[in-house]
*Asks:* 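Would you mind keeping the following structure in view while I ask a few things?
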Amino acid sequence: HVQLVESGGGSVQAGGSLRLSCAVEGFTSRSFSMAWFRRGTGRRAREGVAGFRNDGQTSYGDSVQGRFVISRDNAQNILYLQMNDLRPEDSGMYYCAADAQYWPSTSLLRENLYAYWGQGTQVTVS
């Protein structure tokens with residue numbers, strides 16, 4: 001049973017930083033893709049924020065490029081999202097996603113490719 005649990009969300013002033021964590025349990029695939037998505041306040045669709053593949057390949061959404069960094073602690077099986085220079089438009093529910101497929105880097109932010117999802121953690125920037 002695969003379980004993804006996000007944490008680290010909260011309220012922060014514009015220009016501040018937060019680090020989100022996604023603890024992964026029951027996911028043992030050696031080839032995988034993982035990503036962070038977010039649903040902005042009042043929006044229906046989720047937006048791809050950052051993607052990570054087990055060979056270290058990463059991908060970022062245009063709006064967060066240069067401000068956010070995705071990384072993974074392989075020993076503890078935790079996916080991180082370091083968010084710097086936060087803006088009010090970064091507010092929303094952030095979701096961690098994982099899949100046992102080795103997706104091309106150009107596809108890492110495609111929501112429909114991910115089989116496993118966490119419940120989300122809220123980020124509010126004022």
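For clarity, every value in this text was computed on a predicted model and none was experimentally measured.
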*Asks:* Is there a side-chain contact between F52 and S33, using heavy atoms and a 4.5 Å cut-off?
*Replies:* no

*Asks:* Rounded to the nearest 0.5 Å, how far apart are CE of M93 and CZ of F37?
*Replies:* 16.0 Å

*Asks:* Mind checking whether L113 and Q101 have side chains closer than 4.5 Å, heavy atoms only?
*Replies:* no

*Asks:* Kindly write out the residues that satisfy side chain to side chain donor-acceptor pair (under 3.5 Å) with R72, not counting sequence neighbours, or none if the list is empty.
*Replies:* N74, N77

*Asks:* Do any N or O atoms from the side chain of S105 and from the backbone of Q57 form a donor-acceptor pair under 3.5 angstrom?
*Replies:* no

*Asks:* So, taking the atom named CZ in R46 and the one named CZ in R39, what distance separates them when rounded to the nearest 0.5 Å?
*Replies:* 5.0 Å

*Asks:* What heavy-atom pair brings A14 and P88 nearest, and what distance separates the two atoms?
*Replies:* CB-CD, 4.2 Å

*Asks:* Any side-chain to backbone donor/acceptor pair from E6 onto Q119? Under 3.5 Å, distance only.
*Replies:* yes

*Asks:* Can you confirm whether D90 sits close enough to R67 that some side-chain heavy atom of one is under 4.5 Å from a side-chain heavy atom of the other?
*Replies:* yes

*Asks:* Looking at OH of Y80 and CG of D73, how far apart are the two atoms once the value is rounded to the nearest 0.5 Å?
*Replies:* 5.0 Å

*Asks:* Tell me, do R38 and V64 make a side-chain contact under 4.5 Å, heavy atoms counted?
*Replies:* yes

*Asks:* Is the shortest heavy-atom distance from the side chain of W117 to the side chain of E111 under 4.5 Å?
*Replies:* yes

*Asks:* Please answer whether the main-chain N or O of W103 pairs with a side-chain N or O of R53 as donor and acceptor at a distance below 3.5 Å.
*Replies:* yes

*Asks:* I78, M83: one ILVMFWY side-chain cluster at the under-4.5 Å cut-off?
*Replies:* no

*Asks:* With a 4.5 Å limit on heavy-atom distance, are the side chains of L108 and Y60 in contact?
*Replies:* no

*Asks:* So if you build clusters from Ile, Leu, Val, Met, Phe, Trp, Tyr with side-chain heavy-atom gaps below 4.5 Å, do L4 and F32 land together?
*Replies:* yes

*Asks:* First locate atom CG of L79, then atom OG of S71, and finally report the distance between them rounded to the nearest 0.5 Å.
*Replies:* 7.0 Å

*Asks:* Any non-hydrogen side-chain atom of F27 less than 4.5 Å from a side-chain atom of D99?
*Replies:* no

*Asks:* Just do the side-chain contact (heavy atoms from CB on, under 4.5 Å) check on E25 and V5 with the steps written out, would you?
*Replies:* CA-CA 8 Å; E25 297 180 3; V5 180; 5.8 Å; no

*Asks:* Let me see the working for M34 and V24 under side-chain contact (heavy atoms from CB on, under 4.5 Å), right down to the final yes or no.
*Replies:* CA-CA 10 Å; M34 298 188 71; V24 183; 3.5 Å; yes

*Asks:* State whether the number of non-hydrogen atoms from other residues, nucleotides or ligands found under 6.0 Å of Y116 atom OH is greater than 12.
*Replies:* no

*Asks:* For the atom pair OG (S107) and OH (Y114), what is the distance rounded to the nearest 0.5 Å?
*Replies:* 8.5 Å

*Asks:* Say you draw a straight line from SG of C22 to CD1 of I70; how long is it, rounded to the nearest 0.5 Å?
*Replies:* 9.5 Å

*Asks:* Is it true that a side-chain atom of T121 and a backbone atom of Y94 form a donor plus acceptor pair closer than 3.5 Å?
*Replies:* no

*Asks:* Any donor-acceptor pair under 3.5 Å linking the side chain of N84 with the backbone of S17?
*Replies:* no

*Asks:* Quick check: are there more than 12 heavy atoms from other residues, nucleotides or ligands sitting under 6.0 Å from CD of E89?
*Replies:* yes

*Asks:* If Ile, Leu, Val, Met, Phe, Trp and Tyr residues are connected whenever their side-chain heavy atoms lie under 4.5 Å apart, and connections chain through other members, are V2 and W36 in the same group?
*Replies:* yes

*Asks:* Say whether F68 and L109 are linked into one hydrophobic cluster, either directly or through other cluster members, by side-chain heavy-atom distances under 4.5 angstrom.
*Replies:* no

